[in-house]
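Here the structure is laid out as structure tokens; the discussion comes afterwards.
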Protein chains: 2
Amino acid sequence: MDTEERLNRAFVALGDPVRRAIIARLSRGPATVNELAEPFDITLQAVSKHIQVLEQAGLVTRTRDAQRRPVHLEPAQLERLTAWIDRYRLEMERRYRSLDALLASAPDAPHDSKEKES
Amino acid sequence: MDTEERLNRAFVALGDPVRRAIIARLSRGPATVNELAEPFDITLQAVSKHIQVLEQAGLVTRTRDAQRRPVHLEPAQLERLTAWIDRYRLEMERRYRSLDALLASAPDAPHDSKEKES
DNA sequence: TCATTGATCAACTGATCTGTTGAATAAGAT
DNA sequence: ATCTTATTCAACAGATCAGTTGATCAATGA
């Protein structure tokens, strides 16, 4: 599976509240499928599928401990998501700052830190 | 629409490559629907729907300029996403660091910077 | 007024997603 | 061997999604 497909799946995976709750739980340490399923009113099978979605997204990995399959969070993939977002958020903020500076240096056109009007 | 539903929609919205490309484009400044549609091999209507998805997610807003509807990126919502992710990523990394320190102070149980085994 | 430009709405199709139930597998425990 | 625990697989129903085409609306220009 290529990097972009991983990114697609990772963002979509975080769009579900059950999966976000699983991520939140795993940030405090690995857990088995049963442990992860406990807070939810859905079947164990449904939770197992959510975990598979997170795994395909590269957000978690699984190990083996007897008949248990402990799930571990993968912070590296979380970091790739913030890296993607920050790249464009910071680009935009940079652009706004330089535009503000430009407008500030042209005293005949006042502005309110947006550029559309003026 | 409540905050959690917004978060759901925003993450899902970023899971689509067309919508991510739209976000990337908007980081360089506002654009009309036609301008945003230009790079893609899908109909204008399809792009219009993608923009509506981004709008419902709080990731973009729209203004009015004659018959055009310029689309603007909303960096505040992008920041909410990174805030959510970082909260749990940093929590996990913090936990790992303190666990490593604990293991390092107990010389009878060597470790390899994971805690599951040992 | 009529035509043009920019964008949206409505209805439909095929694909994907979340959940279910019931059966199967895998590893221990008795 | 058998039983129990932990988990997954398979098949299905209902909902949602991305895309299409065709019609409509809103603002401007001739």
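Order of the sequence lines sets the chain letters (A, B, ...), proteins ahead of strands, with each chain counted from 1.
Residue B:D16 contributes atom CG, which lies 18 Å from atom P of C:dA15 at whole-angstrom precision. C:dG6 atom C1' lies 11 Å from atom CD of B:E35, rounded to whole Å. The CZ atom of B:R64 sits 9 Å away from the C1' atom of C:dG6 (whole-angstrom rounding). Nucleotide C:dC9 holds its C1' atom 9 Å from the CD atom of B:Q52, rounded to whole Å.
When each of A:A66 and A:H50 is assigned the nucleotide of DNA chain C bearing its nearest heavy atom, the one mapping closer to the 5' terminus is A:H50. Residue A:V53 is the one, among A:Q67 and A:V53, whose nearest nucleotide of DNA chain C lies closer to the 5' end (criterion: closest heavy atom).
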Give each protein N/O atom lying under 3.5 Å from an N/O atom of nucleotides 20-23 of chain C, with the pair distance.
from: C:dT20; atom 1: OP2; to: A:T43; atom 2: N; distance (Å): 2.9
from: C:dT20; atom 1: OP2; to: A:T43; atom 2: OG1; distance (Å): 2.7
from: C:dT20; atom 1: O4; to: A:K49; atom 2: NZ; distance (Å): 3.2
from: C:dG22; atom 1: O6; to: A:Q45; atom 2: NE2; distance (Å): 2.7

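Here chain A contacts DNA chain D (any atom closer than 4.0 Å to a heavy atom, that is under 4.0 Å), and the contacts span D:dT5 to D:dA11 from 5' to 3'.
B:L81 and A:L90 are not part of a single hydrophobic cluster, where members link through side-chain heavy atoms under 4.5 Å apart. Residues A:V18 and B:F11 share a single hydrophobic cluster, defined by chaining ILVMFWY side chains whose heavy atoms lie under 4.5 Å apart. Clustering ILVMFWY residues whenever any of their side-chain heavy atoms sit less than 4.5 angstrom apart, transitively, puts B:L44 in the very cluster that holds B:I22.
Here A:R87 does not pair with A:E91 in a salt bridge; the nearest charged N to carboxylate O distance is not below 4.0 Å.
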Residues A:H50, A:L36; criterion side chain to side chain contact (heavy atoms under 4.5 Å, CB included); working and verdict: CA-CA 10 Å; A:H50 278 301; A:L36 291 172; over 6 Å; no
Working for side chain to side chain donor-acceptor pair (under 3.5 Å), residues B:R20 and A:N8: CA-CA 9 Å; B:R20 277 205 308 281; A:N8 294 344; 2.8 Å; yes
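You'll find the side chain of A:Q56 stays beyond 4.5 Å of the side chain of A:V53, heavy atoms only.
Distance CE/B:M92 to CG/A:L73: 4.5 Å, rounded to 0.5 Å.
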